[in-house]
Amino acid sequence: MSKLKIGIIGTGGIATWAHAPGYQSVPDDCEIVWACDIKEDVLTKYADDLDIKNRTTDYKDILNDPEVDAVSVCTPNIAHMQPAVDALNAGKHVLCEKPLAMNADEARQICRAAENSGKILQVGLQQRFTAEGQFMRQYIDTGAMGDIYYARAQALRRRGVPGWGVFIHKDLQGGGPLIDIGVHILDFTLSMMGYPKPVSASGKTWDILGKNPELWNGLGDYNRDDFTVEDLAVGFIRFENDAVVVLESSFMGNQDGDPYGTNLYGTKAGASVYFGDPGITIFTEENKQLFNMKPANMPDVPSAHVVEVQKFINAIKNGEPSPVPGLNGLILNATFDALYKSTVTGKEEPIDVSF
Ligand SMILES: NC(=O)c1ccc[n+]([C@@H]2O[C@H](COP(=O)([O-])OP(=O)(O)OC[C@H]3O[C@@H](n4cnc5c(N)ncnc54)[C@H](O)[C@@H]3O)[C@@H](O)[C@H]2O)c1
């Protein structure tokens, strides 16, 4: 099989430090042949650095090239849906950054396009490919945890509003920490639980700290008047299989540090899985004795982003299903829609993941 030809749509941060190294890590299998960005200077730097000859400010040029097999959609959330749908309709495989879309309606359109085209749609959710994800997958698959019926997931930053990009603009992002970093930890949690189907959710968001110009921010400065997203979101999500997930996500919150991980409650064992310190702890009982276990042979995974891209390429080459299916992205978007709606209505809201 000849090398797969790849186009990159949106050549900013994630395209530079995640997608490019991912494709470059398998040079016998693929090559980046097109780069697209609406900002000429960003495009030129990216294409020059990677020696990409075909450059455009209109992604449709990439889709019109019959040689192109697949695209990475690395644009801000507002510009995920249209390029993804157009690419799938043009017969290209799509690796679309997270969140899949601004909301469930958009996510549905992308999933439908993938189903109609028969092409691979992979969502850029890489946490499950981390060392922690691979370790826990193997442990859970042995049955050692039993059924996981409850989880408490946290993606919390004490003072971490992104001071770059469009992350504080609700109209361009669809939301704040919930949709930006909560998406990763909820995806990780649900993938560990076997991706149960959510049925309803109750949530609450605040934006008090994020708008306060007096407060220090650890990720660069930003105009407090432009802050239109939440700074903290909490949610209670019910699933068809009777499981529940409690989710907390913040860009700013008066808590101890930046906990980023999940706590899984199984019928046979529990696990606390944090990225970075304190890592993984597994809680078991044997013969009425309680044990807290730490892993001693974690897999060596230098970059989960690279693994993600390699899995995308392998799935295309081998005709395998998407490593992170569009439906996962739709489930996440539909859950966030319900949580955002609930904060307005004050009620538990239904979640519809049909498409
Ligand atoms: N998976 C992860 O861990 C991870 C990490 C960071 C960002 N992301 C996601 O990646 C996406 C991009 O984030 P980023 O940090 O790279 O942002 P960025 O602002 O650095 O880059 C986005 C680029 O897209 C370009 N762009 C905007 N609209 C376009 C269009 N219609 N056509 C072509 N180019 C267009 C912009 O000019 C910009 O250069 C977001 O959806 C974000 O959520 C994912």
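Ligands are counted one by one from 1 in listed order, and the atoms in each one are counted from 1 as well. Any value given below was found using the heavy atoms of this structure, including those in side chains, with hydrogens, waters and symmetry copies removed.
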If we count only N and O atoms by modelled type, under 3.5 Å, do the side chains of [X] and [Y] hold a donor and an acceptor together?
| X | Y | value |
| --- | --- | --- |
| K294 | T281 | yes |
| T56 | D58 | no |
| T345 | E349 | yes |
| Y265 | R152 | yes |

For [atom], what's the nearest protein heavy atom and its distance?
| atom | value |
| --- | --- |
| atom 12 (C) of ligand 1 | C74 O, 3.4 Å |
| atom 28 (N) of ligand 1 | I38 CD1, 3.5 Å |
| atom 4 (C) of ligand 1 | I14 CD1, 3.3 Å |
| atom 23 (C) of ligand 1 | D37 OD2, 3.5 Å |
| atom 29 (C) of ligand 1 | T75 CG2, 3.5 Å |
| atom 21 (O) of ligand 1 | G12 CA, 3.3 Å |
| atom 19 (O) of ligand 1 | G165 CA, 4.6 Å |
| atom 15 (O) of ligand 1 | F167 CZ, 3.8 Å |

Query raised in the report: If you draw a 6.0 Å radius around CG in D242, do more than 12 non-hydrogen atoms from other residues or ligands fall strictly inside?
Result: no
Query raised in the report: So, does Q82 sit close enough to ligand 1 that a heavy atom of it is under 4.0 Å from the ligand?
Result: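 It does not, in that no heavy atom of Q82 comes within the 4.0 Å cut-off of ligand 1.
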Query raised in the report: With a 4.0 Å cut-off on heavy atoms, is Q173 touching ligand 1?
Result: no
Can you name the atoms of ligand 1, numbered from 1 with element, that are less than 4.0 Å from a heavy atom of [X]?
| X | result |
| --- | --- |
| E97 | 1 (N), 2 (C), 4 (C), 8 (N), 9 (C), 10 (O), 44 (C) |
| G124 | 1 (N) |
| N77 | 40 (C), 41 (O), 43 (O) |
| G13 | 16 (O), 18 (P), 20 (O), 21 (O) |
| C36 | 33 (C) |
| V42 | 39 (O) |
| H184 | 1 (N), 2 (C), 3 (O) |
| H305 | 1 (N), 2 (C), 3 (O) |

Query - Lys/Arg-Asp/Glu bridge criterion (N-O < 4.0 Å) met for K98, D180 - result: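 Here K98 pairs with D180 in a salt bridge, since their nearest N and O are under 4.0 Å apart.
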Query raised in the report: Within the structure, does I9 bring an N/O atom to less than 3.5 angstrom of an N/O atom in ligand 1?
Result: no
Query - Backbone or side-chain N or O of Q126 under 3.5 Å from ligand 1 N or O - result: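 There is such a contact, yes.
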Query raised in the report: Is it true that a side-chain atom of N333 and a backbone atom of A101 form a donor plus acceptor pair closer than 3.5 Å?
Result: yes
Query - Ring centers of F275, F188 separated by less than 6.0 Å - result: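 Ring centres of F188 and F275 closer than 6.0 Å.
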**Report entry** Contacts of S200 that satisfy side-chain hydrogen bond (donor to acceptor under 3.5 Å, both in side chains) - sequence neighbours left out
**Finding:** E348
So which atom in [X] and which in [Y] form the shortest heavy-atom distance, rounded to 0.1 Å?
| X | Y | result |
| --- | --- | --- |
| G12 | D37 | N-OD2, 3.9 Å |
| Y260 | H184 | OH-CB, 3.1 Å |
| K311 | P323 | O-CG, 3.6 Å |

Query - Nearest candidate to atom 31 (N) of ligand 1, where distance is taken over non-hydrogen atoms, out of A79, A35, P99 - result: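 The nearest heavy atom belongs to A79.
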Query raised in the report: What do we get for K98 next to ligand 1 when only non-hydrogen atoms under 4.0 Å count, side chain, backbone, both or neither?
Result: both
**Report entry** Qualifying ring pair (Phe, Tyr, Trp, His ring centres under 6.0 Å) pairs, either residue in residues 30-55, two or more places apart
**Finding:** none
